[in-house]
There are 2 protein chains.
Amino acid sequence: MADRSAGDGTVGKALEVLDRVAAFGRPVRFTELLDGSPYPKATLYRFVQTLTNQGMLSYDPERQTYAMGIRLVRLAHAAWHQSSLAPIARPHLDALAEEVGETVHLAQLDNAQVLYVDKRNASRPVEMFSSAGKVGPAYCTGVGKVMLAYLDEAILAPILEQQSYHRFTEHTLTDADALRTELRAIRQNGYGFDREEHEPGIICVALPILTAGGRALGAISVTSTVERNSLAGLEKLVPRIQETARAIAAVSRDWGFPDQHTSNRQVETN
Amino acid sequence: MADRSAGDGTVGKALEVLDRVAAFGRPVRFTELLDGSPYPKATLYRFVQTLTNQGMLSYDPERQTYAMGIRLVRLAHAAWHQSSLAPIARPHLDALAEEVGETVHLAQLDNAQVLYVDKRNASRPVEMFSSAGKVGPAYCTGVGKVMLAYLDEAILAPILEQQSYHRFTEHTLTDADALRTELRAIRQNGYGFDREEHEPGIICVALPILTAGGRALGAISVTSTVERNSLAGLEKLVPRIQETARAIAAVSRDWGFPDQHTSNRQVETN
DNA sequence: AAACCGAGTTTCAAATAATGGAACTCAAAT
DNA sequence: ATTTGAGTTCCATTATTTGAAACTCGGTTT
């Protein structure tokens, strides 16, 4: 995982702590954070204090545990509106989901991870935050691979190298070379599949949402199971999904969506 | 609005900038942030740089604007799971919403503001982040007043004083004294109303979700309009809502929910 | 009962990072 | 060609962060 906080001073270090807490997925004790932390006790302690004061963490004095703070929920609300494709894409996603009768995902790339920003579950009603905000590996999901396929080589290379490839299923692509071949194929076709690479029995087709400049703002996927459908079956939906992707791209252009979304200026100089 | 960042060093200041950007509700230019900022150009510039590097803000080089970053969405996902009542309360909220056939809200308090963490819309399907994460004033909403009513005087006093009371409707309580009277009544009854105090035509009943220690973890409300219903009508639902509130409180206790949620140690000493 | 332990907290001089006034760049407006 | 204003960089000064060590305080062991 790329070290995001490299060289970003105190703020970067503090935010890194937030990520750590998030990674636990449950309330954590101070000591749990301490081991595995690059910072000495007193330093980490002050970070955690500050973050708690700031509402970015919440502290349970009884159990002496820290959890993610609700201020984040408020900030994310703004983020979701300002910076995600979700609000723009909503009507298009609704329509697509209804027509194809399968689960539809909308995802964006965040620091080499797939971030799901919206979801339409054909049958069930939507599950709020439980799905939006969820992250997953990029290299073994339909949306992930499709977005990687349209990344600049300069950004892609370090991601592929630093990635640790976990074999989720027997179909998972587990090295950079295999993935590179796959990405080339995706660029050629304009769409990609998940061939049970992440979960057995789960397949999907995914298409990028491309800017005029050919950059992927995000991706849409239609997911199914091997029982209900097949890759060939999903492939038939490509034109319909393409239409949605184009529509979303068009609206985002009008709405002035950045052509390059996350900017990483300041090339490392140390 | 209480200055949260008081005395929290660089991290606090940087996070304050995040709030500013969030407040705009749209991508902002650097200059827009600059005026009204307590920091000189160079300083603010570095904050924004750092936050952008960190993925907490995203930068659109073409339009030269900053927006909330998607990393927040990921962090909030964790926050919502770990620190909000929403996942715990979900089934209870579902049941309540279905039975009463009106819109149900679940809210928590964040820095003297009401933060909606979940919502059930009787008719319409749920709107993802668009409702969860939304904030509102505490002093003129049902959930807000109910939570304020169970706050410790030491925490309540500064909130009531520092609050700027905007008259949203002719029924809005616009000073601390009126609000104090109202809060006393709420503690007496165990529930409170919104009598078109925030929006004309919109009324609701709200009940606190109380810990054994008598602290409000959050609040539930059932909302309606004056056309469809009345305060008396909503009052009839109190026992049913009470039941839900108790159930949620019970589950959170089992699940080990903090009795005091946001801790503000470190009393100002400068 | 005294000593010990380990988690959490506080202290303070040294080390480091943040600060902000001023100067610079560059594109657009005059 | 000149002005203007937004955005960016520089760097000596200043304030904050750092982290080793010491302390507190339940609970446990000797």
Side-chain angles (χ1 to χ4, degrees), chain A residues 3-18 20-21 24 27-54 56-67 256 258 260 263-270, chain B residues 3 5-18 20-21 24 26-54 56-67 256 258 260 263-270:
Chain A
D3 189 3
R4 204 170 207 165
S5 73
D8 267 327
T10 318
V11 177
K13 295 175 207 162
L15 292 177
E16 200 187 338
V17 174
L18 265 192
R20 289 201 112 76
V21 177
F24 274 87
V28 256
R29 292 196 91 89
F30 175 70
T31 316
E32 296 184 275
L33 285 174
L34 186 56
D35 32 75
S37 159
Y39 310 109
K41 208 168 25 161
T43 303
L44 182 66
Y45 183 70
R46 253 174 308 101
F47 280 145
V48 164
Q49 289 275 84
T50 303
L51 290 170
T52 304
N53 266 323
Q54 291 296 321
M56 304 296 279
L57 290 178
S58 73
Y59 178 64
D60 175 353
E62 196 181 328
R63 311 197 162 213
Q64 297 186 124
T65 55
Y66 296 89
Q260 173 167 347
S263 82
N264 260 39
R265 82 224 29 210
Q266 267 184 20
V267 182
E268 219 84 334
T269 346
N270 9 324
Chain B
D3 189 3
S5 73
D8 267 328
T10 318
V11 177
K13 294 176 208 162
L15 292 177
E16 200 187 338
V17 173
L18 265 191
R20 289 199 110 78
V21 177
F24 274 89
R26 58 169 174 82
V28 256
R29 293 195 92 86
F30 175 70
T31 316
E32 296 183 276
L33 285 174
L34 186 55
D35 32 73
S37 160
Y39 310 110
K41 210 172 18 165
T43 304
L44 181 67
Y45 182 71
R46 252 173 309 101
F47 279 146
V48 164
Q49 288 276 82
T50 303
L51 290 170
T52 304
N53 265 324
Q54 291 296 321
M56 304 296 279
L57 290 178
S58 74
Y59 178 65
D60 175 355
E62 195 181 331
R63 312 198 163 214
Q64 296 186 124
T65 54
Y66 296 90
Q260 174 166 345
S263 81
N264 260 39
R265 83 226 27 212
Q266 266 185 18
V267 182
E268 218 83 334
T269 348
N270 9 324

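Throughout, a chain's letter reflects where its sequence line sits, starting with A, and its residues are numbered from 1.
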Are Phe30(A) and Leu44(A) close enough, and set up right, to give a side chain to side chain contact (heavy atoms under 4.5 Å, CB included), and what steps lead you there?
CA-CA 9 Å; Phe30(A) 175 70; Leu44(A) 182 66; 3.9 Å; yes
Could you pull out all residues at least two apart from Thr31(B) that satisfy side-chain contact (heavy atoms from CB on, under 4.5 Å)?
Asp35(B)
With sequence neighbours left out, the residues meeting side-chain contact (heavy atoms from CB on, under 4.5 Å) with Glu32(A) are Phe24(A), Arg26(A), Val28(A), Arg29(A)
Counting only side-chain heavy atoms from C-beta out, which of dG7(D), dG8(C), dT8(D) sits nearest to Tyr45(B)?
dT8(D)
In whole Å, what is the span from the CG atom of Leu44(A) to the P atom of dT10(C)?
15 Å
Which atom pair, heavy atoms only, marks the closest approach of Met56(A) to Leu15(B)?
CG-CD1, 3.7 Å
Which nucleotides of nucleotides 14-20 of chain C have their base under 4.0 Å from a protein heavy atom (B), which only their sugar-phosphate (S), and which neither (-), written as one string 5' to 3'?
---SSBB
Is there side-chain contact between Arg20(B) and Phe47(B), with heavy atoms separated by less than 4.5 Å?
no
What closest approach, in Å, do Leu34(B) and Pro40(B) show between heavy atoms, and which atom pair accounts for it?
CD1-C, 4.3 Å
From CD of Gln49(A) across to P of dT17(D) the rounded distance in Å is 13 Å
Atom-pair distance (CG on Leu34(B); C1' on dG7(D)), nearest Å:
10 Å
Separation of Arg29(B) atom CZ from dA28(C) atom P, in whole Å?
12 Å
